[in-house]
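Have a look at the structure below, then the notes.
Start at 1 and go down the list; that is how both ligands and their atoms are numbered. Keep in mind it's a predicted model, so treat the numbers as computed, not measured.
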Amino acid sequence: MEYEAVIGLEIHVQLKTQTKMFCGCANQYGAEPNTNVCPICLGYPGALPVPNEEAIIQTIVAGRMLKCEIPDYCEFDRKNYFYPDMPKNYQTSQLHHTLCTGGEVTLYKYAFPKEVQEAAYASADKRIRLNHIHLEEDVAKSTHHEDHSRIDFNRAGTPLMEIVTEADLRSADEAYAFLKSLQQVLIYGNVSDADMDKGQMRCDVNISVRQKGTEAFGTKCEIKNMNTISGVRRAIQYEIPRQIDVVSSGREIRQHTRRWNDGLGETTFMRDKEDSHDYRYFACPDLQPFRTRPILFDTAGERIPELPSDKKSRFMQELDLSDYQAEILASDKRLADYFESALAATQESVSIANYLINDYLASEPDLDAPALPATHFAEVAELVKADAISSKQAKQVITEMLENGGQPKAIVEAKGLVQLSDEATLEPLCREAIHKNPRSVEDIKSGKTSAINSLKGYVMKQTRGKANPRKVDEILQKLLS
Ligand code: ADP
Ligand code: ZN
Ligand code: MG
């Protein structure tokens, strides 16, 4: 019997606001513990919250980029439970009237893990539907030590966006590609840096298995608090065969929560469904319901940037890039910006795309802080265009530039990479080539056109590779006809 996995993700994303969700404390990572706190985020009795408009705007921008509906009427709800990391004994969240509903994320081919990109082509461009996005406040951060625990309230009350997918994912690789694609959209929209290492994006994985070809979902398990994308992939790779093993041997999966042990590479039991909370949600009486229309047509509307998919189309239509080139360059905002800043200094878009994809990316550059200005690549393209160097020499210049830095023109001079393009020098050499290779000339005349390569080879040898091959070809054709 064949089984398939059914996976849905719940992703928490920290927003890039100056201040917390309901108070004026700084929303800052890495500050001295318990310094960004006040009566509101510490949950003192009687303290009243004021919603952070910027967090609402950023959530709407994210929702628009992810093709969500933005209902006009929104509310904050109280989610009631007791836990030391949440001093109010409820978390202000949204349940009934969330900021965004529906939406989707497209899985890009190049978002899949490198080693499976070709095989994953079947899932590329697949759309994963979102259920909704809501806005809530984060809880404090606790760390557990041998005989005590510590708690830092700096994170308590910071704005947190939760993105909930439909259970449309079918494999570990799709979940990986989903998170990579989502990350790019969030970075593009400037709503989060979505850096999982810094806890800016965290993810719960809901997963079940069912017989292939059946409709109904199986019973799910939830793997909590994943904090790397590769961890999500490995946890799912572990969990699918585990569940298939249970189901195919006739046993039943009981709904429960699991945790991922990265060191051991396995998921383990955490708690039963019976232990799950009854949150007793109700609309927060301290916060007024609000309308999104004014925000949507004002600030948020202006901030919605060009989407990666629109950028890709523009690169293809206006800059003549291939589907492959456009997708790679548009899929990462940092790379797209780098590409476009090179184009400020040249119109050779296709050459630049080639240099960036074949040479620059292969050198595994730091995209956050590029060692070379993008205009260096423009300079190389211009040198080729002006016939000052050949495309082969351009490759040499780029290799040198990536390894040791330096200005393209200076490298060309230092390495003596001048290309001979002037007819006055090349024509006598071409005549000589014809004169010294009568057999090749015969071959060419009898229709074996590839024999011209030996004539070209002669000129290249005489010039120690510096002749412009296109020019040599042109002169030889002219002399032979
Ligand atoms: P819960 O009430 O347990 O929180 P939800 O219905 O809110 O469950 O769904 C939470 C996430 O789990 C969503 O991403 C949803 O798509 C996913 N999900 C729901 N049921 C299943 C299932 N049987 N198998 C896999 N994922 C599921
Ligand atoms: Zn505060
Ligand atoms: Mg739920």
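Atoms of ligand 1 lying under 4.0 Å from any heavy atom of Phe217, numbered from 1 in the order shown and given with element: 22 (C), 23 (N). Residue Leu9 approaches ligand 1 through these ligand atoms, each under 4.0 Å from one of its heavy atoms: 14 (O). For ligand 1 and Val6, the ligand atoms under 4.0 Å from any heavy atom of the residue are 24 (N), 25 (C). Those atoms of ligand 1 with a heavy atom of Gly218 less than 4.0 angstrom away are 23 (N).
Salt bridge status for Lys88 with Glu137: present, with a side-chain N to carboxylate O gap under 4.0 Å. Taking 4.0 Å as the cut-off between side-chain N and carboxylate O, Arg303 and Glu54 count as a salt-bridged pair. The pair Glu104-Arg129 does not meet the salt-bridge criterion, since no charged nitrogen lies less than 4.0 angstrom from a carboxylate oxygen.
At a heavy-atom distance under 4.0 Å, no atom of Asn131 approaches ligand 1.
Enclosure of atom CD in Gln288 is not indicated, since only 12 or fewer non-hydrogen atoms of other residues, nucleotides or ligands lie within 6.0 angstrom.
In this structure, SG of Cys38 and SG of Cys23 enclose an angle of 110° at the Zn ion (ligand 2), rounded to 10°.
When ring centroids are compared, Phe112 and Tyr176 stay outside the 6.0 Å threshold. Taking the six-membered ring where the residue is Trp, the centroids of Phe377 and Phe339 are separated by 6.0 Å or more. Aromatic ring centroids of Tyr81 and Tyr90 lie 6.0 Å or more apart. Side-chain rings of Phe76 and Phe22 approach one another, their centers coming within less than 6.0 Å.
Inclusion of Ser208 in the set of residues having an N or O under 3.5 Å from an N or O of ligand 1 is warranted. Note: an N/O pair closer than 3.5 Å links Ala167 and ligand 1 by distance alone. Checked against a 3.5 angstrom limit, the closest N/O atoms of Glu10 and ligand 1 fall outside it.
Ranked by closest heavy atom to atom 21 (C) of ligand 1, the top entry among His132, Lys220, Glu222 is Lys220. The nearest non-hydrogen atom to atom 16 (O) of ligand 1, considering only Ile11, Thr165, Val164, comes from Thr165.
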